[in-house]
Engineer: 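Take this structure first; my questions come after.
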Amino acid sequence: MTEVNPQKVSAPEADEQARVEAAAVAPSGSGGGGLRLGRMGEARHLGLVIALALLAVVGLITTPDTFATTSNMVSLLALAATIGVITVGMTFVIIGGGIDLSVGAIMALASVWATTLATQAYGPVVMAVCAILVGTGAGLLNGFLISYGRMVPFIATLAMLVAARGLAQRMSERKTQLVSQDNGALIELSTTRVLGLPLLVYIFAVVVAVGWLILNRTTFGRRTYAVGGNPEAARLAGIDVRRHTMLLYGLSGLCCGIAAVIIMARTTTGSSTHGDLYELDAIAAVIIGGTLLTGGRGTIIGSILGLLIFTVITNLFILNGLNTSDQLIAKGLIIVVAVLLQRRSLQTAT
Amino acid sequence: MEDISREQSDNPSLLQMRGIVKQFPGVRALDGVDLDVRAGEVHCLLGQNGAGKSTLIKVLAGAHQPDSGEVLLNGEAVRLANPTAAMRQGIATIYQELDLVDGLSVAENIFLGHEQAVWGFTKRGEMFAATRKLLARLGHGEIRPQTEVGRLSPAGKQVVSMARALSHEARLIVMDEPSAALAHDEVSNLFRIIRELTSQGVAVVYISHRLEEIREIGDRVTVLKDGRTVAVGLPARTTPTATVVSLMTGRNVEYVFPPRPTGEFGEEVLRVENLTVPGVVSGVSFTVRAGEIVGLAGLVGSGRSEIMEAVYGARRASGKVTLNGKPVKLGNTANSVRIGMGLAPEERKAQGLLLDQSVARNITLATLGRYSRFGWLNRKQESAEADRLVKALDIRPPDPTRPIKTLSGGNQQKAVIGRWLVEGRRLLLLDEPTRGVDVGARAELYALVRRQADEGVAVLLVSSEVPEVLGLADRVLVVRDGRVVHEAPATELDEHHVLDLVMDATPSHG
Ligand SMILES: Nc1ncnc2c1ncn2[C@@H]1O[C@H](COP(=O)(O)OP(=O)(O)OP(=O)(O)O)[C@@H](O)[C@H]1O
Ligand SMILES: [Mg+2]
């Protein structure tokens, strides 16, 4: 294909495109048509891997003594693990046609709930279970409001964001709650190392693997694509769209609960300030990874690569002693560039 | 053919397309197509599903760029770089797949892109008036300009997209299967408008799989096969159907319905009592037995699709539905599928397909449970079943891994039906199953449906084509204004009789 014309997309989209062009409004939001999804998916991932490699090179050049050290790599992965687990849940929600703004707040609430004196009295296992249940419960509540209360996901989860943070502040009286000595086992998730990596990195790996399997090898995953791609068609094909949607948010909440366990291990605290703006990082990672916000399309691998890119950027800024405002600006640019590049690659692939 | 070149001197071509080539990844959709259209004629484009008709008209509409070939308008080469450019050249297109914005009003859709505005403020009053005029001209004065398009039936949407094409001062109007969603009387309406247009010198390119329409409205015919022109400028009225069909398919297809079973039907599968959908269906009762195909004949808007959707649980309704003697929980499609129903919806793009997904995934979507254990997919089994159905339905290209949006309309339709042609179904609800399917493939589809019935499945069928209902169904229910007004074995009815029953007491349009 030598065409560079922007409306070179697949046939049914060309219809839309034609209409949109005729309307002389902004280009169709759905972007190009994913022909040969499989191969293109790989190509897209390849681009992300290259970007990641480039960032690593930048790290090696600008901070040769600190970037490639084991301790830096470990802290990088530990940071990625927390948001990464959340990103897995977010990928499901977005492929299913929704959005979850409440992830950071739910994680904070779960961490606070699990570190109250009352919960801590039952030991580390109950604390972890508590965090996971709180997360799942909040997620299911999101899902319930969206599926059965017919609220727009953006609004329902925005409400949850505000309310969950509020509740977390109340429970903790705005204090940081320390994980007590007796529950040191929880902290070992971050201190115990296997093959040089802390246990929590393995938790992250397991969540990613399980997420990938669910999305690609189960009926639940298949239905997630259907529900996000065309809810009406999914309903007429006998999928219980509402129940499925609710479960998707439950899954996202579950991931937040697991992330809460990780952050408690990493920081040895539960706090209502944990996970501030994590929702933005997670959503950004998913978008950079090539998942469309319109739903029905996307991959876990892409999201994780997107997340790693984001984490490495943060890391580079810290190592180079640059301030956080610049870091935010850089992240904003990365999102724009990533999305623009994806558009291009989709179009030229036709 | 020789008389064409003679005629050309006194009636020059309005449009000439020469040697158009369009390559998609893995498919050469157009491989040197020629088309020659004169002012004031209805030029029909025929070809099997996937022959390249829609691709060709998308090139003409500026939505696809050809790899090579040229387009001449009034003898001058033009470049149709995008849809706006094509429109500026006076080419208006009605696409095969509806392309309206559901959230906008009828008027807004019609004037999308060429709103009449002053300082950026649309002149609503004028647009409404113009819309009313267009709709009245189309015989649909009852559609209000301010209605949201999403609320219209598929046929209503078809009318709106037609109005949109008319709203441009076009000298060439391209219609890709405009009649597929229309009932009999609306097709006559469409033809009346086409005649009006051509008498004003507008040329119409008309695509349809209904050959009798071509005979009625067409002047000349161009036949495509596998992306090539195999015949140009055949006289539409006098060329024998057999000739056209064998040009299209390369073989002799008989447009036949499978034989009806001779014995008795099985036990009662579906019993519907007093089914009511507020405002559309009132108190409908009927039964369908195992092995029986029951056809619902009626106009668009008569409530026939709503009856199906209500039975299936896709629409709020009251009344009693029993399947194999067990009451069906209304309003829950997941449950309906679990107990053995299947619905092939009317509008494939909006209601049937996951456009981004592969053909295989679209086919297996509704019956994933068959290829999984505890939610874990057996992908080998799944792809084997998809392969089988792609072959059985002759979906082209026969590659289940292709994204379904790259298939031609007719082939997408086959996938929507194929979804349910699996074991374990007790009741199939088929709404316009052959919409956009070509002559050859139709016969195969009919045979497949009949085979399902012979295996004991009960089938409820809706079609706007009366011959199809009469030919395929065993028993026919005539639906009018949300009621069953007549019921008879198909063999005791003929087309005229059904049309009379269907229309009776319905205010005629135009
Ligand atoms: N965007 C695309 N990408 C890849 N292949 C495509 C694309 N659009 C169309 N095709 C292929 O091009 C061929 C011609 O398709 P087209 O839609 O023009 O057929 P058609 O004659 O309109 O058929 P139908 O009668 O079913 O509508 C088909 O094989 C189809 O699969
Ligand atoms: Mg077509």
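Keep in mind that this is a model prediction, so the values were computed, not measured. Chain naming here is simple, since letters A, B, ... match the order of the sequence lines and numbering starts at 1 in each.
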Engineer: Heavy-atom cut-off 4.5 Å, strictly under: side chain, backbone, both or neither for B:Ala350 against chain A?
Structural biologist: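 Contact with chain A: backbone only.
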
Engineer: Most heavy-atom pairs under 4.5 angstrom with chain A, which of B:Met341, B:Glu382, B:Arg379, B:Arg419?
Structural biologist: B:Arg379

Engineer: So, A:Asn142 and A:Thr157: side-chain donor and acceptor under 3.5 Å apart, yes or no?
Structural biologist: no

Engineer: Check whether B:Thr364 gets within reach of chain A through its side chain, its backbone, both or neither, counting any heavy atom under 4.5 Å.
Structural biologist: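 For B:Thr364, the contact with chain A is made by the side chain alone.
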
Engineer: Using a distance-only test with no angle check, is there a side-chain donor-acceptor pair under 3.5 angstrom linking B:Asn49 and B:Ser408?
Structural biologist: no

Engineer: With a 4.5 angstrom heavy-atom cut-off, could you sort out which part of B:Leu368 is near chain A: side chain, backbone, both or neither?
Structural biologist: both

Engineer: Just by distance, with hydrogens left out, do A:His45 and A:Thr299 show a side-chain donor and acceptor under 3.5 Å apart?
Structural biologist: yes

Engineer: Examine the side chains of B:Thr55 and B:His64 and answer whether a donor and an acceptor come within less than 3.5 Å of each other.
Structural biologist: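 No, no side-chain donor-acceptor contact under 3.5 Å.
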
Engineer: Is it the side chain or the backbone of B:Tyr371 that comes within 4.5 Å of chain A heavy atoms, both, or neither?
Structural biologist: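 It is neither, since no heavy atom gets under 4.5 Å.
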
Engineer: Can you find a pair of side-chain heavy atoms, one from A:Val88 and one from A:Trp212, that are under 4.5 Å apart?
Structural biologist: no

Engineer: Is any NZ, NE, NH1 or NH2 atom of the basic residue among B:Lys58 and B:Asp176 found under 4.0 Å from an Asp or Glu carboxylate oxygen of the other?
Structural biologist: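 No, this pair does not count.
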
Engineer: In terms of heavy-atom pairs under 4.5 Å, which option from A:Pro231, A:Gly238, A:Gly296 contacts chain B the most?
Structural biologist: A:Gly238

Engineer: Please examine the side chains of B:Glu347 and B:Glu432, heavy atoms only from C-beta on, and report whether any two atoms are closer than 4.5 Å.
Structural biologist: no

Engineer: With chain A as the partner, which of B:Arg402, B:Glu309, B:Arg338, B:Arg361 has the greatest number of non-hydrogen pairs under 4.5 Å?
Structural biologist: B:Arg361

Engineer: Please determine, among A:Ala237, A:Gly221, A:Gly229, the option with the most heavy-atom pairs under 4.5 Å with chain B.
Structural biologist: A:Ala237

Engineer: Please identify, among B:Gly409, B:Gly313, B:Ala314, the residue contributing the most non-hydrogen atom pairs under 4.5 Å to chain A.
Structural biologist: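 Between B:Gly409, B:Gly313, B:Ala314, the count favours B:Ala314.
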
